[in-house]
Structure formats: C-alpha cells, structure tokens
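Have a look at the structure below, then the notes.
What you see below is based on every heavy atom in this structure, not just the backbone, and it leaves out hydrogens, waters and symmetry mates. Note that this is a predicted model, so its numbers are computed, not measured.
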Amino acid sequence: MADRLFAAPDTGPHADPRSGSRTGPRGGRAAWAAALLATLTVVPAAAFALPDTTLNVVDDAGAALGLGPGGLRGLLRATGLSLPALLLAVPPAAVAARRLPARAVLLAGLLCLAAGVLAAPLADSVPLVAAVRAAQGAGAGVALPAALVLVWERRSALLTALWAGTLAAALLAVMPLALAAVPMSGATPDPVPWHTALAPRSEPVLAALAAALLCLVLRERGRDALPPLRHAERGQLVLPLVPAAGFAFLALMTTYDWSSGGQLVVAGVALFALVGLALVGSRDATAGSPLGCAVVMVTAGLFGYPVTAPLAGLAAAAAPERGTPPAAPFAAAALAALLGALLTVRLPRAAARTAVLTGHGLVVTGVLLGLAVDATGAPWALLLPLVPLGAGLGAALAASLRGAGVGAALFGLSLCFPAVLTGQLLVLSLQVGQLERAAPATEAQRLYGLLAGYRLWLVVAGVLVLALTAAWARAARAARAANVPDPWDG
C-alpha cells in the first residue's frame with residue numbers, strides 16, 4: 001500500500017488489510033482521494049475563522065455604522081466572537097461526527113461557515129456582525145472534527161500526517177493571508193471595503209464545500225469503518241465543554257476594560273485547566289494515547305497561531321508602505337510543518353516518541369531564535385524562528401496522533417482551540433501591559449511597545465514549551481501505566 005495502515009485502540013480488532021475483509025481497513029482509492037481533498041481544504045477554510053483584522057478598517061467600519069468610541073469597542077468585541085464560538089462547537093460536533101455520518105456533519109458545518117462568509121457584506125449593524133462572526137466560528141468548529149473522523153475512517157498514517165501537518169500549517173500561515181487581504185489602513189491607494197475584514201477569504205470555503213460534496217459522492221458503501229460511539233467516549237468528548245465555555249465567557253469579559261494583569265490571571269488559570277484535562281484524559285483508555293496527543297494538541301494551539309499572528313502584525317506595521325507582512329517566511333513555515341509531519345509516516349514504532357520530543361525541541365529553538373532576531377527587521381530574518389517552529393509543530397502533532405484512537409484524537413482537538421484562545425489572551429495582555437507602561441506618544445513608540453510585549457511573550461512561551469514537554473512525558477507514562485494500547489503494537 002502507499003502508506004502504512006493502522007488501527008486505533010478504540011476501533012477494535014481488524015482483519016489483515018490484504019484479505020479484503022469488510023472488517024479490515026477501508027482503502028477505496030476514490031474515498032481515500034476524497035478524504036485527502038477534504039483534509040487539504042476543510043482545515044484551512046476553518047482556520048480562516050480565526051483572524052480578526054478589523055483594527056485595520058475600524059475607522060471605515062465605525063463611519064459606515066455610525067458608531068462612536070464606545071460603539072467601536074462593541075464592534076471589536078463582536079468581531080472577536082468567532083474563536084469562542086469555534087472552541088465551543090468542537091466538543092458537541094465531535095460527538096455528532098461519531099454518532100451520525102461524518103460527511104453529513106461536515107457538510108452542515110461548512111454550510112454554516114459559508115453562510116457566515118457570504119453574509120458578511122450584508123452585515124450593517126453590530127449585532128449582525130456578531131452573528132456573522134459567530135456563524136463562521138461555529139461552522140468551523142463543526143467541520144474540523146468531522147474532517148478528522150473522515151480521515152480516521154481511512155486508517156491511513158499518510159492521511160493522518162497530512163491532516164496534522166495541514167492543521168499546523170494553517171495555524172501558522174492564516175493571519176498573514178488575512179492581512180494580505182486586509183492591509184493596514186493607508187497602505188493601498190484604494191481602501192479595502194471594511195466588510196472584507198469579516199471574511200478575508202471566501203475561496204477556501206468554496207473549495208471545502210466542493211470537497212465535502214465529493215466525499216458524499218465518492219463514499220464507500222457498506223458498514224462504517226469505525227465502531228459506534230460508546231458511552232465512555234461520549235463522556236470524554238464532552239468533558240472539555242464546561243471549562244471551555246467558562247473560559248470563553250471570561251475571555252469575553254476581559255474585553256470590558258479589564259487590566260492586563262487580570263487578563264494574565266484568566267489566561268494562566270485556563271492554561272492550568274487545559275494541561276490538567278490533557279493529563280487526566282491521558283489516563284483513560286478511550287481518550288488517552290501512548291504518545292500523549294492531547295498535550296501535543298495544546299502545544300500546537302498555544303504556539304501556532306498565538307506566536308505567528310502577532311508576529312505578522314508587527315511585520316506589517318514595520319512596512320507601512322506595504323501594509324502586509326512578507327509572505328515568504330510564513331509560507332516556508334507552513335511548508336516546514338507539512339514536511340515535518342510527513343517525515344513521521346515511515347518512522348518505526350520506537351522512533352515516534354523521539355519525534356514528539358524532537359518536535360518540542362524545534363519549537364523551543366524557534367522561540368529562542370525569535371528572541372534573537374528583529375521581528376520588524378529584514379523579512380529573511382523571520383525564516384530563522386518560523387521554519388523550526390513549523391517543522392516542530394508538524395512533526396510533534398503527526399507523531400503523537402500515530403498512537404491515538406479516534407476518541408483520543410477528537411479529545412485532543414477539543415483542547416487545541418481553547419489553547420489558541422489562551423495564547424491570544426497571554427500575548428495581547430503582555431503587549432497591552434507594555435503599552436500601558438510606556439505610554440507611547442508616536443507610532444514608532446507604539447510599535448516598540450508592541451515588540452517589547454511580543455518578546456516578553458516569547459520568553460513566557462519558551463518556559464511553557466519546556467513545561468508542556470514535561471507534561472507530555474508524564475502523559476505518555478500515565479498512558480502506559482493505564483495500559484492504553486498502542487495501535488502500532490501487534
């Protein structure tokens with residue numbers, strides 16, 4: 001076969017794939033190709049619900065909607081609803097994708113996402129803006145676990161690695177792509193319509209819809225590849241919903257003039273809760289994984305988008321004549337994430353744990369190099385931190401998923417986007433704290449304050465990577481102690 005086939009620990013015994021048994025791994029070429037297209041299109045389309053570039057057009061938006069200073073704060077609060085909606089949608093959508101046909105759940109999520117994207121130009125009030133952004137986040141949160149289940153049905157190590165690499169690449173590159181569509185104010189002779197910030201790119205959503213329809217057409221007949229959802233798995237999948245809801249509520253509350261210190265406290269409590277959930281889940285035979293994929297999902301969420309999104313903003317602010325960040329470094333990071341993930345496909349069983357550790361080491365290297373280079377300097381310098389960061393996240397995520405069942409993978413995914421929100425709250429509160437301390441009077445001073453806050457975030461990130469590496473080792477030991485089976489054994 002073109003790639004190694006594996007059986008997840010919670011999918012039960014399977015016949016030899018060469019026997020042609022209906023209980024063996026399902027390898028229809030058409031269905032495999034459809035799952036591949038869904039992986040390469042759905043994950044990026046869902047990731048485009050994350051960026052919020054409204055600040056670049058906030059004056060035009062305020063003028064069009066007739067908003068004062070207080071109204072502008074409400075507008076920014078409304079445009080930030082997509083990420084909370086996304087993280088709240090993932091756990092129930094994971095249960096739905098296991099109980100119902102995953103293709104139908106995927107199509108429903110993409111239709112919701114497309115409705116939010118296509119309705120963006122029609123939003124002529126703050127409540128409608130909030131509805132549009134919430135629909136985008138909810139649709140993305142429904143589509144992501146459904147796409148993951150489709151990949152798991154193929155039981156292909158190659159497809160799993162591509163899914164992991166695509167997720168890491170999307171988290172790294174989505175903000176630069178959004179800023180390319182919505183450059184900073186005054187950078188272009190023709191101003192960008194402010195509605196563009198609500199949905200910077202519609203093409204990925206249309207491509208994902210086409211792939212979802214193709215999955216419906218090319219689906220394999222007969223019994224599903226995965227067993228029915230069990231009560232224990234359903235309980236594990238909805239476990240993150242309550243803390244995620246509480247954190248999303250607190251994150252929204254911090255936008256009501258909370259101090260930067262208060263925001264840091266909320267982010268710290270949320271991070272502690274996420275790591276605790278990942279460690280607890282690692283001891284469970286359903287949500288656990290011998291390679292601790294839940295902890296690695298937290299790593300990917302915490303050091304993907306929250307590291308590259310503010311970096312892209314700083315690079316764009318440093319080039320006001322262009323108003324966008326350089327594309328090459330972020331494209332290289334996305335490519336490194338894909339290659340890092342693909343390099344894990346043929347690794348022997350014993351090397352998967354080394355790959356996770358190596359990935360975390362590369363993340364640490366990228367963070368340290370980020371401290372050593374000037375984020376507002378030459379574009380080529382951004383390659384130094386971004387390439388190892390991308391390669392590390394892709395390799396660690398793909399290697400950790402090799403030891404996971406579908407329940408463990410979905411449980412990890414439900415922790416990934418709360419980690420994204422945690423990282424965003426950390427870096428923004430640190431930057432705001434630096435601005436409050438410096439009280440900048442010029443644009444150059446403001447840029448320097450933002451850069452100082454970002455550097456402080458990198459220091460914090462370096463410490464957190466080391467802490468998460470230790471947590472991953474503990475999660476892996478807990479899974480082995482709890483006799484969580486390794487799908488590569490036997």
Side-chain angles (χ1 to χ4, degrees), residues 47-48 50-56 58 76 79-80 82-83 168 170-180 182-184 197 200 251 254-255 260 263-264 267 271 299-320 322-327 329-330 333-334 363 366-377 379 381-386 389-390 393 417 419-438 440 443-465:
F48 269 104
L50 297 176
D52 184 5
T53 57
T54 310
L55 273 176
N56 291 354
V58 67
L76 294 175
T79 58
S82 59
L83 181 52
L171 292 175
L172 294 169
V174 67
M175 178 55 91
L177 291 173
L179 288 174
V182 189
M184 296 184 64
T254 61
T255 62
S260 57
Q263 294 174 346
L264 280 175
L271 180 60
T299 300
L302 197 60
F303 306 116
Y305 184 81
V307 170
T308 57
L311 180 60
L314 288 169
R322 186 177 64 242
T324 61
F330 296 94
V363 174
V367 169
L368 293 178
L369 288 174
L371 286 170
V373 303
D374 184 3
T376 61
L382 299 182
L383 289 168
L384 297 178
L386 288 176
L389 178 66
L393 290 179
F417 291 96
V420 172
L421 185 54
T422 301
Q424 280 291 94
L425 194 56
L426 282 170
V427 63
L428 291 177
S429 59
L430 290 172
Q431 288 182 317
V432 169
Q434 290 297 312
L435 290 177
E436 291 174 347
R437 180 178 303 176
E443 190 63 30
Q445 291 175 338
R446 179 177 177 274
L447 180 59
Y448 178 81
L450 291 173
L451 180 58
Y454 180 72
R455 287 179 176 274
L456 185 57
W457 157 237
L458 291 180
V459 173
V460 175
V463 175
L464 290 178
V465 175

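- Note that CG of Leu171 is 6.5 Å distant from CG of Leu50, once rounded to the nearest 0.5 Å.
- Pairs engaging residues 299-316 under the side chain to side chain donor-acceptor pair (under 3.5 Å) rule: Thr299-His360 [sequence neighbours left out].
- Here Leu384 contributes atom CG and Leu368 contributes atom CG; the two are 12.5 Å apart, rounded to the nearest 0.5 Å.
- In terms of heavy-atom proximity, Ser429 sits nearest to Ser260 at O-CB, 3.3 Å.
- Listed here is the closest heavy atom pair of Val367 and Gly462: CG1-N, 3.7 Å.
- Atom CG of Asn56 sits about 6.0 Å away from atom CG of Leu179, to the nearest 0.5 Å.
- Note that the CG atom of Leu271 and the CG atom of Leu421 stand 12.0 Å from one another [nearest 0.5 Å].
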Next item on the list: List the steps and the verdict of side-chain contact (heavy atoms from CB on, under 4.5 Å) for Leu428 and Gln263.
Entry: CA-CA 9 Å; Leu428 291 177; Gln263 294 174 346; 5.6 Å; no

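- A heavy-atom distance below 4.5 Å is found between the side chains of Leu464 and Leu426.
- Smallest separation of non-hydrogen atoms from Leu447 and Ala318: CD2-CA, 4.2 Å.
- Taking the side chain as every heavy atom from C-beta outward, Phe303 and Leu172 never approach each other to under 4.5 Å.
- Of all heavy-atom pairs between Val420 and Pro306, the closest is O-CG, 3.5 Å.
- Summarising the geometry, atom CG belonging to Leu83 is positioned 10.0 Å from atom CG belonging to Asp52; distances are rounded to the nearest 0.5 Å.
- Using a distance-only test at 3.5 Å, with no hydrogens or angles considered, a donor-acceptor pair links the side chain of Gln431 to the main chain of Leu450.
- Leu369 is not listed as a side-chain neighbour of Leu389, based on a closest heavy-atom distance of 4.5 Å or more.
- Scanning all heavy atoms of the two residues, the minimum distance from Arg455 to Val373 falls at NH2-O, 3.1 Å.
- Sequence neighbours left out, the pairs with a member in residues 366-375 that pass side chain to side chain donor-acceptor pair (under 3.5 Å) are Asp374-Thr376.
- What you find for Pro183 and Thr324 is that their closest heavy atoms are CB-CG2, 3.6 Å.
- Residue Leu264 holds its CG atom at 5.0 Å from CG of Leu430, rounded to the nearest 0.5 Å.
- Put simply, the side chain of Phe48 reaches to within 4.5 Å of the side chain of Leu177, judged on heavy atoms.
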